[in-house]
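Structure record follows, encoded as structure tokens.
Residue numbers begin at 1 in each chain, while the letters A, B, ... track the order of the sequences.
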Amino acid sequence: MNIMEKDKTYKVLMIISDVLIAFLIFSFVLSFVVPVIISRSRGAYDGGFYGIPGAFANIFGFIYGPLLIGAILVILLQLRKIFISISGDKPFEMKNIVRVRSIGYALLILGVLKLSVFLVIVLLQDTSRQRSIFASKFILDFFQFLFAGFIILVVAEVFRLGVEMYNENKLTI
Amino acid sequence: MSIIVNLDVMMAKRKISLNELSGIVGITLSNLSILKTGKAKAIRFSTLDALCKALECQPGDILEYRE
């Protein structure tokens, strides 16, 4: 890939990441506002979060949305910083290892978040029919995120070894 | 590290500056400086060969082991 193609690719990646980050920041703010609007318009016993009754649903929804969006925002911001370092021809630095690890941990947190939703739904749903419908949606979601998080952490370790080899090679005259 | 690089000693003996040595050997000034100040982690045989040729010395004159 020549310099012109590389610049174009990085520019496109930066634009995509900027759009996604802007959308997520907007969603992050919205995730605090929407549960309040729903609880005020429908009242406390509307089963507002996947059929979970009562005020608990609203509290849970208030925490779940921001945490989910926050974790995705962390991933996108770290990816953006990695793009910047690569475009500056400095991919092999310790900061990028920390960023890749952050992405891995954010995915693990997302997986744990999905698992907690699954457990809450199973424990607090009114009927077994409701439990089976909504639990089936989440049962594989958390595993996918946990799996992806572990893969990224392994990749970060391989990248760390690469950085060590690169630094050693830089000091070989 | 226990390996000492005595490049500055040999350069003084042969009365050659870092710039001149860099030009003769074909190694950048920054790399030669890394070598001279003992920050290098390893040296290639080809580099050692070029240095010995330029400074008319043996590898043992440039590299020393100290416990």
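The shortest heavy-atom contact between A:Leu68 and A:Leu113 is N-CD2, 3.5 Å. Minimum interatomic distance between A:Gly149 and A:Leu107 (heavy atoms only, all atoms of both residues): CA-CB, 3.6 Å.
Using non-hydrogen atoms only and a strict 4.5 Å limit, the part of residues 43-57 of chain B facing chain A consists of B:Ile43, B:Arg44, B:Thr47. The interface of residues 32-41 of chain B with chain A, defined by heavy-atom distances below 4.5 Å, comprises B:Ile34, B:Leu35, B:Lys39, B:Ala40, B:Lys41.
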Give the table of side-chain donor-acceptor pairs shorter than 3.5 Å for residues 164-173 of chain A, with sequence neighbours excluded, one pair per line with atom names and distance.
unit_1   : atom_1 : unit_2   : atom_2 : d
A:Glu164 : OE2    : A:Arg160 : NH1    : 2.6
A:Asn167 : ND2    : A:Val163 : O      : 3.4
A:Thr172 : OG1    : A:Glu168 : O      : 3.0

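A donor-acceptor pair is defined here as one N or O able to donate and one able to accept, closer than 3.5 Å; such a pair exists between the side chain of B:Ser22 and the backbone of B:Ile27. With hydrogens and angles ignored, the 3.5 Å screen pairs no side-chain donor or acceptor of A:Gln78 with any backbone N or O of A:Ile75.
Taking A:Asp18 as the reference, A:Arg80 meet the salt bridge (charged side-chain N to carboxylate O under 4.0 Å, His left out) condition, with sequence neighbours excluded.
You'll find the side chain of B:Ile4 reaches within 4.5 Å of the side chain of B:Asn6, heavy atoms only. Between A:Ile152 and A:Leu108 the shortest side-chain heavy-atom distance does not fall below 4.5 Å. In this structure, the side chains of A:Ile86 and A:Ile82 come closer than 4.5 Å at one or more pairs of heavy atoms.
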